[in-house]
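Heads up, the thing below is written out as structure tokens.
Each ligand, and each atom within it, is numbered from 1 in the order the structure gives. Just so you know, residue 1 is the first one in the sequence shown, and it goes up from there.
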Amino acid sequence: MNTDTTVTRRLGLALPIVQGPFGGGLSSVALVAAVNAAGGLGSFGVHHLRGEQILQTARALRTATERPFALNLWVPLPGEPEHPAVSATQWQRALQRLAPFFDELGLALPQQPDPASVWPDYAQQLEAVLEARPAVFSFVFGIPDARILARCKALGIVTMGAATSPHEARLLEEAGVDMVVATGSDAGGHRVSFTGPPTSLLMGTFSLLPQVRDAVRIPVIAAGGIADARGVAAAMALGADAVQIGTAFLACEESNAGAPHHQALHDANKPATALTAGFSGRLARGLRNELMATLDAHPEDILPYPWQNWLTGVLKQAAIAQNRPDLMSLWSGQAVGLVRHRHVAAFMQSLHMPQDTFVA
Ligand SMILES: Cc1cc2nc3c(=O)[nH]c(=O)nc-3n(C[C@H](O)[C@H](O)[C@H](O)COP(=O)(O)O)c2cc1C
């Protein structure tokens, strides 16, 4: 593995490995600390947290690691209201679709929450990230405005934005973002496109990566479908300066994925992954299960993001407590079949293995 790249030099890393951030509470301080200790860049997804919680998280991270880390936010999509209105009829339809599952878990159907009490304010999140001053501010679904990027520069915060097409990569570079994460549709979690419907921007990592490499001069980090040393080597051969790995880190015990999710990622008989808007209202990749099939069969009953995300999130808390992987989102990328490790140290070590170790 080439460890001397523009990314490792700029961030002072021993290895060109970025642990992908996980939103929705799946990141953990332990995961970031373990990745940092092994020479990579740990990331913490904070898009679900309010300003003061982001500052608390940064303090906890600094207690656990002296090495640089990334904080990660979701940029509100252009033209999309942060809290799209949902009528009482829409709410009732979505509830009725999920009612049998709430029933199975012994849960009462929830009241529609007050949006302001549930979803954090993006402007406050940004202020908190700037105050926390992480080594890296990474983001998806768009580009923070020029004043924010200028403040990051002034504070010495490296910015890292996700692109799902060469065009998005160029937009990030033109805006002055420092590094681009070329994210293929193989990746687990949300499809983070910001220039069009995600269904029209589904290029796989190894088609996208060399095109992004050709489109921009800033460092390129490859994400999606990389889960072992072969994937790292292939991405570097296609021009990546580092790789960002999500699913294989999510499968490590140090992540906050929860027992049913960990088990599902390691299950020898796991189903294939699929893209669905059913869990959150936005397109995202996870392992197929009963809940995904039910929601996909009735797209008219899926609420817009973030309402659907909140609703299935209530179900998910109970599903984790009752060990019901069939009734929760099991986010995963297509490379999940390559996942072997349950601990970060062993996984990071395996990324150094000679490639012929993998030949059958
Ligand atoms: C459960 C889950 C949650 C994710 N949440 C975020 C997020 O909040 N912000 C982000 O930039 N990327 C997020 N990602 C993407 C990862 O950081 C990473 O880019 C991706 O998982 C790489 O693809 P792979 O899963 O094939 O390794 C998420 C991925 C997963 C699996």
> Does an N or O anywhere in Leu250 fall below 3.5 Å from an N or O of ligand 1?
Replying inline: no
> Which atoms from ligand 1 have a heavy atom of Gly224 less than 4.0 Å away?
Replying inline: 22 (C), 23 (O), 26 (O)
>> If the cut-off is 4.0 Å to any non-hydrogen atom of Ile245, which atoms of ligand 1 fall inside it?
In response: 27 (O)
> Starting from atom 5 (N) of ligand 1, which protein heavy atom do you reach first, and at what distance in Å?
Replying inline: Gly23 N, 3.0 Å
> What protein heavy atom sits nearest atom 29 (C) of ligand 1, and how far off is it?
Replying inline: Gly188 O, 3.3 Å
>> Among all protein heavy atoms in this structure, tell me which lies nearest to atom 19 (O) of ligand 1, with the distance rounded to 0.1 Å.
In response: Gln244 NE2, 2.8 Å
> Quick check: does any side chain N or O of Gln308 sit under 3.5 Å from a backbone N or O of Gly278, one acting as donor and the other as acceptor?
Replying inline: yes
>> Only heavy atoms of Trp331, strictly under 4.0 Å: list the atoms of ligand 1 that pass.
In response: 1 (C)
> What are the atoms of ligand 1, with element, lying closer than 4.0 Å to any heavy atom of Asn72?
Replying inline: 7 (C), 8 (O), 9 (N), 10 (C), 11 (O)
>> Considering Ala222, Gly161, Gly246, Ala70 one by one, which has a heavy atom nearer to atom 20 (C) of ligand 1 than any of the others?
In response: Gly246
>> Donor-acceptor pair, distance only, cut-off 3.5 Å: does the side chain of Glu254 make one with the backbone of Leu31?
In response: no
> In terms of atom number and element, which parts of ligand 1 are under 4.0 angstrom from non-hydrogen atoms of Trp74?
Replying inline: 7 (C), 8 (O), 9 (N)
> Between Arg191 (side chain) and Thr199 (backbone), is there a donor-acceptor pair under 3.5 Å?
Replying inline: no
>> Please check this pair: side chain of Arg213 against backbone of Gly239, looking for a donor-acceptor N/O pair closer than 3.5 Å.
In response: yes
>> Suppose we measure from atom 2 (C) of ligand 1 to each protein heavy atom; which comes out shortest, and what is that distance?
In response: Phe22 CD2, 3.6 Å
> Would Lys153 and Asp178 count as a salt bridge (charged side-chain N to carboxylate O under 4.0 Å, His left out) if you check the C-alpha gap in whole Å, the side-chain angles of each, and the deciding distance to 0.1 Å?
Replying inline: CA-CA 9 Å; Lys153 265 207 170 58; Asp178 295 311; 3.5 Å; yes
>> With nothing but distance in play, are any N or O atoms of Gly45 less than 3.5 Å from an N or O of ligand 1?
In response: no
> Nearest heavy atom to atom 26 (O) of ligand 1: which of Ala251, Gly225, Ala248 does it belong to?
Replying inline: Gly225
> Does any N/O atom on Thr247 come nearer than 3.5 Å to any N/O atom on ligand 1?
Replying inline: yes
> Mind checking whether His47 has an N or O less than 3.5 Å away from an N or O of ligand 1?
Replying inline: no
> Are Val243 and Ile221 close enough that some pair of their side-chain heavy atoms sits under 4.5 Å apart?
Replying inline: no
>> Tell me whether Gln334 has any N or O atom under 3.5 angstrom from an N or O of ligand 1.
In response: no
>> With a 4.0 Å cut-off on N to O distance, would you call Arg50 and Asp121 a salt bridge?
In response: no
> Would you call Glu80 and Arg282 a salt bridge, taking side-chain N to carboxylate O under 4.0 Å as the test?
Replying inline: yes
>> Under a 3.5 Å distance rule, please check whether Thr8 uses its side chain to pair with a backbone N or O of Thr3 as donor and acceptor.
In response: yes
>> Would you call the rings of Trp91 and Trp307 parallel, tilted or perpendicular, taking 30° and 60° as the class edges?
In response: perpendicular
> Pro21 to ligand 1: N or O pair under 3.5 Å?
Replying inline: yes
> At a 4.0 Å threshold, what atoms of ligand 1 neighbour a non-hydrogen atom of Leu26?
Replying inline: 1 (C)
> Among Leu208, Leu209, Thr205, which one satisfies side chain to side chain contact (heavy atoms under 4.5 Å, CB included) with Leu238?
Replying inline: Leu209
>> Heavy-atom contact check, 4.0 Å cutoff: does Phe249 meet ligand 1?
In response: no
>> Would Thr183 count as a polar contact of ligand 1, with the cut-off being nitrogen or oxygen pairs under 3.5 Å?
In response: no
> What is the ring orientation for His190 with Trp331, classed by angle as parallel under 30°, tilted 30 to 60°, or perpendicular over 60°?
Replying inline: tilted
